[in-house]
Colleague: 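I am attaching a structure below and will ask some questions about it afterwards.
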Amino acid sequence: MSDTTGTSTDELREEVRSRYAAAAVAVGQGQSNADLNDALQLADDCGTASCCSPTGTDETVVDGAFGAGLYSPDEHGDVPAEALAASLGCGNPTVVADLRPGERVLDLGSGGGIDVLLSARRVGESGFAYGVDMTDEMLELARANAAKAGATNVEFLKGTIEDVPLPDGAVDVVISNCVINLSVDKPRVLAEMYRVLTPGGRIGISDVVAEDHLTPAERAERGSYVGCIAGALSRSEYLDGLAAAGFTETVVEFTHEAAPGMHGAIIRATKPASRS
Ligand SMILES: C[S@@+](CC[C@H](N)C(=O)[O-])C[C@H]1O[C@@H](n2cnc3c(N)ncnc32)[C@H](O)[C@@H]1O
């Protein structure tokens, strides 16, 4: 299988991994997410595409569509500065998911750990927050941020979001922030979210989503795959994919423009309590 540029899925996944590894290293060296694109361009031979970032090098990407500015000032004080600096998301999924004390939460593509740390605060000591990420450098950064935050109810696991290293029914809530667009096998990710949720569990996700009229080629004209634009699903594709995985009460709502015809969006859905 390949994307609109003919890149194989294995090559695409490796491009994503190496780009976010470079981002984690840059943050570890004291750069903020606003500086990341320069660092990534230096680290990358082709030098044309960026991470999800507030200063995307993709020309059509809207300033402020990604990153720490999407969290409230109160939340800024709740996490280490390094976790905030590493924020590469396109929303605030802990708010989307409306987390409650005692819940078990899983963050898919946890990056520098900001949403896991915010989740851990929201669910309290009787709850627990897991993060899964495939990039060693991001896991290292996230674990260091958890130690700085003194968080004891968190664990960062190495793995892919297409093959989550947790058993069936392990969590009450799945969150994710601007990662599903980066997956090379989105139906599998949606099936994994369903599998790891307990019956009655829910998802609260932030992601980039395209308007339905945009073809995959038109999405790729607006930004790169690693920059969280080209791989975005359309709204109908998201809703159909969630229904095919078994989810009900599905909602995909645009919140802010990320590029022409492409939006930061919130995605909510429920795993039925029991199959009728
Ligand atoms: C755009 S960053 C978002 C990080 C974090 N959610 C945030 O809001 O800052 C994407 C993250 O997802 C990870 N990632 C991308 N594709 C993945 C996959 N298929 N499986 C596991 N992790 C993945 C990357 O390593 C990176 O840490």
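Numbering of ligands and ligand atoms starts at 1, following listing order.
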Colleague: At under 4.0 Å between heavy atoms, is it the side chain or the backbone of Arg17 that contacts ligand 1, or both, or neither?
Modeller: neither
Colleague: Looking at Thr160, which atoms of ligand 1 are within less than 4.0 Å of one of its heavy atoms?
Modeller: 20 (N), 21 (C)
Colleague: Please answer whether the main-chain N or O of Asp98 pairs with a side-chain N or O of Arg202 as donor and acceptor at a distance below 3.5 Å.
Modeller: yes
Colleague: Using a 4.0 Å heavy-atom threshold (strictly under), name the region of Ser183 that reaches ligand 1: side chain, backbone, both or neither.
Modeller: neither
Colleague: Does a side-chain N-to-carboxylate-O contact under 4.0 Å join Glu249 and Arg268?
Modeller: no
Colleague: As an exercise, identify every atom of ligand 1 less than 4.0 angstrom from a heavy atom of Cys178.
Modeller: 1 (C)
Colleague: Would you mind running through ligand 1 and noting each atom that sits below 4.0 Å from a heavy atom of Thr135?
Modeller: 24 (C), 25 (O)
Colleague: Quick one: does Ser176 get a heavy atom under 4.0 Å from ligand 1?
Modeller: no
Colleague: Heavy atom under 4.0 Å from ligand 1: found in Asp115's side chain, backbone, both, or neither?
Modeller: side chain
Colleague: Please answer whether the main-chain N or O of Val189 pairs with a side-chain N or O of Glu192 as donor and acceptor at a distance below 3.5 Å.
Modeller: no
Colleague: Could you go through residues 88-96 and list every donor-acceptor pair under 3.5 Å that involves a side-chain atom there, pairing it with any protein atom two or more places apart or in another chain?
Modeller:
unit_1 : atom_1 : unit_2 : atom_2 : d
Asn92  : OD1    : Thr94  : OG1    : 2.9
Asn92  : ND2    : Glu75  : OE1    : 2.8
Asn92  : ND2    : Glu75  : OE2    : 3.2

Colleague: Answer yes or no: is there an ion pair linking Arg219 with Glu237, defined by an N-O contact shorter than 4.0 Å?
Modeller: yes
Colleague: Enumerate the atoms of ligand 1 whose separation from the nearest heavy atom of Asn177 is less than 4.0 angstrom.
Modeller: 3 (C), 6 (N), 8 (O)
Colleague: Would you please name every residue forming a side-chain contact (heavy atoms from CB on, under 4.5 Å) with Glu14, sequence neighbours left out?
Modeller: Arg17, Ser18
Colleague: Gly112 near ligand 1, heavy-atom distance under 4.0 Å?
Modeller: no
Colleague: What part of Val179 sits under 4.0 Å from ligand 1 if we count only heavy atoms: the side chain, the backbone, both or neither?
Modeller: side chain
Colleague: Output the list of atoms in ligand 1 that are nearer than 4.0 Å to some heavy atom of Val16, sorted by atom number.
Modeller: 15 (C), 16 (N)
Colleague: May I ask whether Ser87 has any heavy atom positioned less than 4.0 angstrom from an atom of ligand 1?
Modeller: yes
Colleague: May I ask which of Met134, Arg13, Lys158, Met138 has a heavy atom nearer to atom 17 (C) of ligand 1 than the others do?
Modeller: Met134
Colleague: Take atom CD of Glu140 as the centre, draw a 6.0 Å sphere, and report whether it contains more than 12 heavy atoms from other residues, nucleotides or ligands.
Modeller: no
Colleague: Is the shortest distance from a Lys or Arg side-chain nitrogen in Asp136 or Lys158 to a carboxylate oxygen in the other one below 4.0 Å?
Modeller: yes
Colleague: Taking Gly264's backbone N and O only, do any of them form a donor-acceptor pair with Thr255's side chain (distance below 3.5 Å, no angle check)?
Modeller: yes
Colleague: For the pair Gln29 (side chain) and Ala26 (backbone), establish whether a donor and an acceptor sit closer than 3.5 Å, ignoring hydrogens and angles.
Modeller: no
Colleague: Just jot down the ligand 1 atoms closer than 4.0 angstrom to any heavy atom of Ala86, in number order.
Modeller: 9 (O)
Colleague: Under 4.0 Å from a heavy atom of Gly89: which atoms of ligand 1 are those, numbered in the order shown and with their elements?
Modeller: 7 (C), 8 (O), 9 (O)
Colleague: Any idea which atoms of ligand 1 are less than 4.0 Å away from a heavy-atom of Gly159?
Modeller: 21 (C)
